[in-house]
Structures are given as C-alpha cells and as structure tokens.
Amino acid sequence: MRKALFVAFALLLLGQTCPAETYETPKETLDAYLNACQAGDLEAAELCYTSSSREVAKQDAEQGAAPPPDALKSAYERLKDVDFKLEEVNAKRAIFWPADESIPPMFMRIQQEEEGWRLDYHFMSRYIRVGEDGWSWRDPRVFQIWKKRE
C-alpha cells in the first residue's frame with residue numbers, strides 16, 4: 001500500500017515538473033490538445049503549447065485571463081468536426097488550415113527538440129486578433145512572418 005502511494009505521489013510530481021510526452025507529429029499535438037479541451041483540462045491543454053506559449057499562458061492566468069474549463073469545452077465543440085489540412089512549412093513549422101474559414105488556422109512548431117511539436121499560442125496570441133473586419137489572420141503578413149522563420 002505504501003509503495004502504491006509513493007508511486008502515485010512520484011507520478012504526480014513528475015506530471016507537474018515535466019512537459020507532457022514528446023509529440024512526434026503536429027497531428028499528435030492537435031489530437032492531444034482537442035482531448036484536453038474536451039475534458040476542460042487547462043493544464044493538459046497548456047502542455048500542448050510551446051515553452052514560450054506556456055509562459056504567455058502563465059502571464060494570462062496571473063492577470064485573470066485564463067479560460068475557464070467551459071471555454072475549453074466550447075472550443076472542442078467548435079473544433080471537433082472541423083477538417084484540418086496540414087501545411088508543412090519546414091522541418092520545425094506547420095500550419096493546420098481549417099476547412100471552416102470562420103476558424104483561424106493553428107500554428108504548430110518545434111521550439112525545443114525534446115518536446116517535439118507544440119501549438120504556438122505565443123505566436124497566435126500576438127498575430128491573430130478579432131476586430132471589426134473579422135480575424136486578422138487573413139493578413140498575408142502573418143504567414144510571411146511565420147514562414148520566413150526557422
């Protein structure tokens with residue numbers, strides 16, 4: 001019994017100090033992110049982010065801007081049936097293009113080799129905005145910036 005408690009405690013600590021598994025493909029990352037959204041699990045969703053994105057999410061949370069679990073579940077409901085087409089930009093960058101043009105694309109990249117593919121919330125939060133004219137991701141400059149970087 002004590003051994004089982006120790007193992008559970010060790011796993012809990014490991015889960016708090018290490019990012020989730022290494023995602024070998026952008027699709028694995030997208031699937032893990034959608035599963036986290038479906039569960040309303042903010043921590044699991046953030047583990048799908050690049051390390052710089054996790055820092056942005058942490059700052060957002062400190063400012064009271066962290067999404068509630070219901071917002072994640074709503075995102076899942078909006079995204080679960082969307083067909084995404086993968087554009088491989090280079091060895092470390094990719095874009096998931098949704099068939100539904102009311103949904104912005106999802107930018108994926110390898111920021112740290114040991115983590116593999118992650119969702120670049122940092123980039124998206126900086127360059128994708130909703131304004132009077134709709135989503136700013138329609139601005140070609142966003143893709144020029146994304147595609148010229150390694």
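If you're wondering where the values come from, they're calculated on a predicted model, not measured in any experiment.
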Closest heavy-atom contact between Pro98 and Pro104? CG-O, 3.7 Å
Are the side chains of Lys80 and Gln38 in contact, using a 4.5 Å heavy-atom criterion? no
Salt-bridge test for Arg118 and Glu46: reply yes if a basic N is under 4.0 Å from a carboxylate O, no otherwise. no
Passes side-chain contact (heavy atoms from CB on, under 4.5 Å), Met124 versus Leu119? Steps please. CA-CA 9 Å; Met124 293 169 61; Leu119 181 63; 3.9 Å; yes
Where is the tightest heavy-atom contact between Phe84 and Leu30, given as atom of each residue plus distance? CD1-CD2, 3.9 Å
If you look only at distance, which donor and acceptor atoms sit under 3.5 Å apart when one is on a side chain in residues 105-113 and the other is two or more places apart or in another chain?
| from | atom 1 | to | atom 2 | distance (Å) |
| --- | --- | --- | --- | --- |
| Arg109 | NE | Asp120 | OD2 | 2.7 |
| Gln111 | OE1 | Ser51 | N | 3.0 |
| Gln111 | OE1 | Ser51 | OG | 2.9 |
| Gln111 | OE1 | Ser52 | N | 3.0 |
| Gln111 | NE2 | Ser52 | OG | 3.0 |
| Gln112 | NE2 | Ser51 | OG | 2.9 |
| Glu113 | OE2 | Lys92 | NZ | 3.1 |

Ring centroid separation Trp146 to Phe123 under 6.0 Å: yes
Where Ala45 and Ala36 come nearest, the two heavy atoms and their spacing: N-CB, 3.4 Å
Nearest 0.5 angstrom please: Trp97 CH2 to Ile95 CD1, how far? 5.0 Å
Pairs under 3.5 angstrom only: tabulate donor-acceptor contacts from the side chains of residues 67-74 to other protein residues two or more places apart or in another chain.
| from | atom 1 | to | atom 2 | distance (Å) |
| --- | --- | --- | --- | --- |
| Ser74 | OG | Asp70 | O | 3.0 |

In the structure I gave you, are the side-chain heavy atoms of Tyr23 and Thr25 within less than 4.5 Å of one another anywhere? no
Please confirm whether the backbone N or O of Glu114 pairs with a side-chain atom of Thr22, one donor and one acceptor, at under 3.5 Å? yes
Show your reasoning for whether salt bridge (charged side-chain N to carboxylate O under 4.0 Å, His left out) applies to Glu115 and Arg54. CA-CA 13 Å; Glu115 290 186 349; Arg54 289 191 298 273; 2.5 Å; yes
Would you please test Cys48 and Tyr121 for side-chain contact (heavy atoms from CB on, under 4.5 Å) and show each step? CA-CA 9 Å; Cys48 296; Tyr121 171 73; over 6 Å; no
Report yes or no: do Glu28 and Trp117 form a side-chain donor-acceptor pair below 3.5 Å? no
Flag the pair Lys147 and Glu87 as a salt bridge only when some basic side-chain nitrogen lies within less than 4.0 angstrom of an acidic carboxylate oxygen. yes
Are Glu62 and Lys58 close enough, and set up right, to give a side-chain contact (heavy atoms from CB on, under 4.5 Å), and what steps lead you there? CA-CA 6 Å; Glu62 289 169 357; Lys58 180 179 174 184; 3.5 Å; yes
